[in-house]
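In what follows, a single structure is set out as structure tokens and then discussed.
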Amino acid sequence: MGRLRIRVGGREIEVPSGSTVWDLIGEWGGGSSQEYIAARLNGRLVGLAEPLEEGELELLGWEDEEAREVYRHTAAHVMAQAVMELYPETKLAIGPAIHDGFYYDFDIPVRITPDDLPRIEERMREIVGRNTPLIREVWSKEDALRYFKDQGQDYKVEILEEMGEETVTVYRQGGFVDLCRGPHLPSTGMLKNFKLLSLAGAYWRGDEARPMLQRIYGTAFLERKDLEDYLHFLEEAERRDHRRLGREMDLFSFHEEAGAGVVFYHPRGAILRGIIEDFLKEEHRKRGYQVVVTPHLFKGELWEISGHMDYYQENMYTFEKDGTRYVVKPMNCPGHILIYKTKPRSYREMPIKFFELGTVYRYERSGVLHGLMRVRGFTQDDAHIFCREDQIEEQVAEALDFAFYCLRTFGFDDYEVYLSTKPEKAVGSEKLWEKATAALQRSLESMNIEYQWDPGEGVFYGPKIDVKLRDAIGRLWQGPTIQADFNLPERFDLTYAGPDNRPHRPVMIHRVVLAGIERFYGVLLEHYGGHLPFWLSPIQVAIIPIADRHLDYAREVEKKMKERGIRAEVDEDRQTVGMKIRKAQIQKVPFSVVVGDREVESGTISVRDRTGKDTRGVTLDEFMRRAEEWIAQRARESVWDC
RNA sequence: GCCGGUGUAGCUCAAUGGCAGAGCAACCGCCUUGUAAGCGGUCGGUUGGAGGUUCGAUUCCUCUCACCGGCUCCA
């Protein structure tokens, strides 16, 4: 038997040929086999039980994303085996690892309920206890087809039929055999900490014309603590749920009588919304945008010209009156185009930037609605920049820069950027699309922004840049989008006079920053878990008199604060101080200001911030001075730290 | 829209075919209070809506509306 030379961890090791990765770990002694999940052998991801070949080996532990996927993929297989054992009639679809867990789609003749999950989990533990090896086997496609047909595994057969390869790999663990590219953990016993989380329906291949399968979601971790942390994260996300905060903080509501997907902002909720809107208008004006207002209802004709009737109809609310078709606007662009067209435009005035807090209505299928995050009626901070072709790059870059400024102001520092290309249903020639896409790409590159391609995800009239923002607990949300559009200007025959005094075609840049105000509002609430920065808090100060005799003083403090633009409110309830503090705390009011005999006498206030820190004898002027500072600076933190 | 689940007082939840309940909130009163729940009392419901089965339905069935978790889609 020959020997293989393997470079690993900066050393070169010789092992007998036929050795597996596992064998090498024992020989190498550079760490215990417990730490490793998978390996990369000459760049290829392999399982630990796979045979070595000469070359470069990298051992992968939990910190490696692909290794985590291997681990969770094995968890999916173990779950599939458990389900097969419990429900032998089950047909298996697919079961991949996902971002922080795994799922498997099953066609089970009986209906699974959440009560069944513990039983399945129990069986999984049993399978783990058996410590069955997962054995990789290479089969000919024919053999595989015969086997899975024989087993009645229709979905596997369908997958096989679509595969081009002559040979396929299957993984065998005891009596359970699954078509799978792998790799996997060497044995079920290596799977340690897992939990089944939820149950959902999912179409086979995501196609609603195909059968609905039962999907089970779960997660798995190497370390118990990581699993616990993850479960805590889920609880944390639930605590931050904007729907719950909206109710507790008395910000907004939904009403069955009014219909799904439309939001009612309560007085306090409207204050926050107003602050966001004022901020946007002010910042847009600063940057040369002109604020416009357009109606909610246009005749169908306009949407014929824009192409919406052909490409966006399923999302539009339309109706007929006196024989005329009307559309409740799903987008603001046609309105801004009409304003553009009201007079001859010159190259000298380019770019022309119209901004509108435009409320639009889009039909969304009932099942997708979700609190403020996905609604049917929402307001966009929408702008259309009409410019010359040579200005696109600079205008897109400027818009991006503006967008990042706004996001940072609201407390978001982490982003992911995507460039989306032409979708299947689209207006305009290939050439225009290429031109527009290239312009967006140049802007990103000129700003040194890292981005990823998102093929086919553009809007019907143009490619787009999407910015996704990461919140305080690491989740990504849709944020700004910028679209370059050569198509609508053509459809509406937009022109401007060039230096040659001849008509030229402008380009339109569609762009939103916070995008849907409703969604952003929800994201903002979840990002801060309701503990909004001072400048955004609907009520900034709860003034709490200790006894009735302090009411006059409390009202005086309130009046002075209000005069300085601080949103303060006296809590006049005949309740204990503890109770009133508790109320303010639940409503996430940044400061509770307590006034009693001591304060009345010395003309001071007692200040309690949201962390619970209590400072007595603060002068009103000092407090207001700092409050004004937090507002002016749009500070993220406001703790009383002296 | 589809799959699964849920819908009982303002909120959180009991009651599973036999008189619809509790805590908190609200209201009234007492207490005049020092940093996350003071005490007592009162009010509150066509059990989301419509229809059906039944002597009798919150409970079982059908339809419908809304919500929750997904699929799909999207700002």
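We name chains A, B, ... by the order of the sequence lines, and we start the count at 1 in each one. These figures come from a predicted structure and were not determined experimentally.
- Distance CG (Leu245(A)) to P (C11(B)): 16 Å, rounded to an integer number of Å.
- The residue Tyr363(A) sits close only to the backbone: its heavy atoms come under 4.0 Å of sugar-phosphate atoms, none of a base.
- Between the P atom of A36(B) and the NZ atom of Lys580(A) lies a distance of 14 Å, rounded to the nearest Å.
- Across all their heavy atoms, Leu213(A) and Ala93(A) have their closest contact at CD1-CB, 3.6 Å.
- Protein atom CG of Asp571(A) is 15 Å distant from nucleotide atom P of G34(B), rounded to whole Å.
- Relative ring orientation between Tyr289(A) and Phe402(A) is described as tilted, the plane-to-plane angle lying within the 30° to 60° band.
- Glu572(A) has its CD atom 18 Å from the C1' atom of A26(B), to the nearest Å.
- When heavy atoms are screened at a 4.0 angstrom cut-off, Glu238(A) is found touching no nucleic acid atom at all.
- Nucleic acid contact class of Arg247(A) (heavy atoms, under 4.0 Å, all strands): sugar-phosphate only.
- In this structure, Phe279(A) and Tyr405(A) have parallel ring planes: the angle between them is below the 30° cut-off, well short of the 60° mark.
- In summary, the side chains of Gln478(A) and Asp466(A) do present a donor paired with an acceptor at a separation below 3.5 Å, with no hydrogens or angles considered.
- RNA chain B lies under 4.0 Å from at least one heavy atom of each of the following residues of residues 584-596 of chain A: Gln585(A), Val594(A), Gly596(A).
- As rounded to whole Å, 10 Å separates atom P of C39(B) from atom CE of Met579(A).
- Residues passing the ring-ring contact (aromatic ring centres under 6.0 Å, His included) test with Phe102(A), sequence neighbours excluded: none.
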Canonical and wobble pairing (Watson-Crick, G-U, under 3.5 Å) of RNA chain B, dot-bracket with |: (((((((..((((....[..)))).(((((.......))))).....(((((..]....))))))))))))....
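- Sorted by residue number, the list of members of residues 90-107 of chain A with any non-hydrogen atom under 4.0 Å from RNA chain B is empty.
- The distance between atom CG of Asp614(A) and atom C1' of G34(B), rounded to the nearest whole Å, is 8 Å.
- Separating the NZ atom of Lys613(A) from the C1' atom of A36(B) is a distance of 18 Å, rounded to the nearest angstrom.
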Nucleotides 61-75 of chain B: protein proximity per nucleotide (B base, S sugar-phosphate only, - neither; heavy atom, under 4.0 Å): ----BSSSBBBBBBB
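- Applying the ring pair (Phe, Tyr, Trp, His ring centres under 6.0 Å) test to every pair with at least one member in residues 579-613 of chain A, sequence neighbours left out, gives these pairs: Phe534(A)-Phe591(A), Phe591(A)-Phe623(A), Phe591(A)-Trp630(A).
- Taking atom CD1 of Ile546(A) as the reference point, atom P of G34(B) lies 7 Å away to the nearest angstrom.
- The two residues Val595(A) and Ala554(A) come nearest to each other via the heavy atoms CG2-CB, 3.9 Å.
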